[in-house]
2 protein chains.
Amino acid sequence: MDRIAENADQSRGVTADDVAAAAGVSRWTVARAFKKRGAISPKTRQKVLAAAERLGYAPDLLAASLASDRSHLVALITNDFNNPHKLVLLERLTRILWSQGWGTLLVNMSESEDASAALLAASQRRVDAAVMIGTRFDDRVLDTALGARRVKKLVVFARYSNNPNTLTISCDDRLAMREIGDHLFARGYASPAFIAGPDTQSAKLHRVDSFRDHWLGLTGGAVPTRHAAGYDFHSAIDTVNAVLDAALPGTLPDVLVCENDILAIGAKEALRARGGAAAGIAVTGFDDIPLAAAPSYHLTTYRQPITAMCERLLDVLSGRLNEDVFVPGTLIVRGG
Amino acid sequence: MDRIAENADQSRGVTADDVAAAAGVSRWTVARAFKKRGAISPKTRQKVLAAAERLGYAPDLLAASLASDRSHLVALITNDFNNPHKLVLLERLTRILWSQGWGTLLVNMSESEDASAALLAASQRRVDAAVMIGTRFDDRVLDTALGARRVKKLVVFARYSNNPNTLTISCDDRLAMREIGDHLFARGYASPAFIAGPDTQSAKLHRVDSFRDHWLGLTGGAVPTRHAAGYDFHSAIDTVNAVLDAALPGTLPDVLVCENDILAIGAKEALRARGGAAAGIAVTGFDDIPLAAAPSYHLTTYRQPITAMCERLLDVLSGRLNEDVFVPGTLIVRGG
DNA sequence: AAGAGATTTGCACACGCGAGCAGATTTTTC
DNA sequence: GAAAAATCTGCTCGCGTGTGCAAATCTCTT
């Protein structure tokens, strides 16, 4: 066959068979040459790789997935595209996963708000694992949804889930909120208020509870909490205005502890627009998004250990790790 | 046993054969039942779908890809994860593509700065098309890189490329900059300066040139241009400071036209920090990222027609469209 | 009611590669 | 130098589905 000659032109459909023919070995020897720990003699491998290079061959991962029942594909599922921090997570995840040979399928579940459709779609592509990014996983889905059962591994990333069928890889939120509380206490703040995201029944509000518990232990004082309608700065502005309107004179909080940086930025905007006593109220965030460092905001916030979390994810994918992980992050002190 | 084994055990390996047996038909009839326009009698389809439902069957897209040589997979390739606008693009792209049956592989090429590695990785997954998001495609890659030749379609999305082997789907930047110019002219601005991104030799700076050409025609005046070191607001701050430092007294620009919103936000930050005469200088952006609407910035900017662009991408993927497209966007007037 | 036409169903083959084993080759051992 | 061990190579079978065609069934006309 001079199929090889054809392919050299088109550079399409170059298969292991072609390389095998060109190198004078069998197809399986070609496969071994491309395997890290393949049982193959150095000179044969050399010969094969040279032929592959010449023909422009690269193994077909699709066919390999079908044959081996391991796709080396991970579905990244998320529904919150308003938060710039998602971009940081996606950047890190894709870079680190691809560098280790894992492909990443980005799935948007903001339509349905129900993970089952996203999981079904992912499972049809035979992903080795589904990773919910910054998204809680509703327990009921596992019982009812078709897709959920078909996915081999289910990981909740950068968020807490107590679902027993799920693996959590997250920042240690409890520790984080303690550090923020200690920091505020040391700086002399006395009456914090918490600005949280939407108060959905199912969502366990880890950060709020952690902060309130710790502050109670620290000062004996309760922390009033207000829920924004959404994780976006417009909602935060409305919420902070509501907080300020509701406060009796002389009972203003002296610091607004926000569940993440987006809400914190909204809070800063609201306080600045309001002026007067409000302008003196401090704000803390969470995530350390790039804009948190802007002169206008200069937020004290908490940086999640994303790289470390990604590495734990690799451990989970390779089967080395099979339990929940909480990694400590870093307090970033900027403003008051 | 562990949780993973449980999941995998349940409904593993329900294939078309199983459904066929359960429904009393052949495997190919099952396939037809799942095809939109399959030649199959309604009652047979009904019977098959019922059996599939009962068994929890969903077609294996991986095997289908291998057999049909169409993966219905698209690689989304990008390298600029600093710009929140990427998140908007990703959200829209993934939602619209998945809704039409296209899977999206997110590839991060920020490491190499060279598209060839990303393209090779994508091609090994047999993607039907690679979409460079907001990223220019270096012509030389097509000639030298292995990956580039293996990808069936190459689309440059939300950015201009004059590469003949590439399809461009973009906002009509030329029109956009004309609208911005007209707007500024009508408002009485007389001496704009342009703040652009990095000045790489290969990059054709579409927006800059368009604005300068138009302004020249409008007023006969030249527009001084300054390049930031990167597409991030810190670089923009430095650049704007440099512009102000370099300006002779009385020759300050009255408006800074920025290549995108991130640079514009940096510009606003710099002007605000500077105070005095600088604080009166207006700023325009591009992209209309969510934060552009924040009270602190309140940017006049230009919204790209992302949904329309995604629909044109679908046309390209399905083969209905095979030429460059430039879609007009919308001027968003906010600040001065 | 028979035959033409339309519709519906079944089948051989292919897609590109991996797992696991058997045969071939080389290296080591006594 | 021959046998045992270690290493290397080739091969059968299967992964789950699409394509194109032939066979079977149904519908309608005369």
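None of these values were measured; they are calculated from a predicted model. Just so it is clear, the values below take in all heavy atoms, side chains as well, and ignore hydrogens, waters and symmetry mates. The chains referred to below are lettered A, B, ... by the order of the sequence lines, with proteins before strands, and numbering in each begins at 1.
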_Minimum heavy-atom separation for A23(A) and V48(A), please, with both atom names._
CB-CA, 4.1 Å

*Non-neighbouring partners of S68(B) that pass side chain to side chain donor-acceptor pair (under 3.5 Å), sequence neighbours left out*: none

*Check if the side chain of R32(B) and the base of dG18(D) share a donor-acceptor pair of N or O atoms closer than 3.5 Å.*
no

*What pairs with S99(A) under side chain to side chain donor-acceptor pair (under 3.5 Å), at least two apart in sequence or on another chain?*
none

*Interatomic distance, K35(B) NZ vs dG16(D) P [rounded to whole Å]*: 20 Å

*Where K86(B) and D80(B) come nearest, the two heavy atoms and their spacing*: CG-O, 3.0 Å

*Given D128(A) and V74(A), is the side chain to side chain contact (heavy atoms under 4.5 Å, CB included) satisfied, shown in steps?*
CA-CA 6 Å; D128(A) 286 340; V74(A) 178; 5.6 Å; no

*Under 4.0 Å from any atom of DNA chain C, heavy atoms only: list the residues of residues 60-68 of chain A that qualify, in numerical order.*
D60(A), A63(A), A64(A), A67(A), S68(A)

*Check the distance between dT7(D)'s P and R45(A)'s CZ and give it to me in whole angstrom.*
15 Å

*Would you check if there is a donor-acceptor pair between the side chains of R159(A) and T135(A) at a distance under 3.5 Å?*
no

*asked:* Give me the atom names and distance for the closest heavy-atom approach of D324(B) to T168(B).
replied: OD1-N, 3.0 Å

_4.5 Å side-chain heavy-atom contact, L119(B) and R150(B)_ = no

*Figure out the OH/P separation between Y57(B) and dG16(D), and round it to whole Å.*
10 Å

*Minimum-distance nucleotide to T44(A) side chain [options: dG16(C), dC8(D), dC21(C)]*: dC8(D)

*Footprint string (nucleotides 22-27 of chain D, 5' to 3'): B base within contact, S backbone only, - free, heavy atoms under 4.0 Å*: ------

*Quick one: bend of the helix from dA1(C)-dT30(D) to dC30(C)-dG1(D) from 5 pairs per end, to 10°?*
30°

*asked:* Ignoring hydrogens, what is the shortest heavy-atom contact between S65(A) and R126(A)? Give both atom names and the distance.
replied: O-NE, 4.4 Å

*Separation of dG16(D) P from R125(A) CZ (nearest whole Å)*: 17 Å

*Which atom of L313(B) lies closest to which atom of L93(B), heavy atoms considered*: CD2-CD2, 3.6 Å

*Going by heavy atoms closer than 4.0 Å, what residues in residues 21-28 of chain B are next to DNA chain D?*
R27(B), W28(B)

*In terms of the angle between their ring planes, are F34(A) and Y57(A) parallel, tilted or perpendicular, with boundaries placed at 30° and 60°?*
perpendicular

*State, to 0.1 Å, how close K152(B) and R70(B) come at their nearest heavy-atom pair, and which atoms those are.*
NZ-CA, 4.4 Å

*Please report, rounded to the nearest Å, how far the P atom of dG18(D) is from the CZ atom of F34(B).*
10 Å

*In whole angstrom, give the distance that lies between atom CZ of R70(B) and atom P of dG16(D).*
23 Å

*Would you kindly give the CD-to-P distance between Q124(A) and dC15(D), to the nearest whole Å?*
19 Å

*Does D172(B) use its side chain to pair, donor to acceptor, with the backbone of F326(B) at less than 3.5 Å?*
no

*Quick one: D69(A) CG to dG16(D) P, roughly how many Å, whole number?*
7 Å

_Rounded distance [0.5 Å steps], CD1 in I133(A) versus CG in L90(A)_ = 5.0 Å

*Would you kindly compare T29(B) and R126(B) by the position of their nearest DNA chain C nucleotide and give the one closer to the 5′ end?*
T29(B)

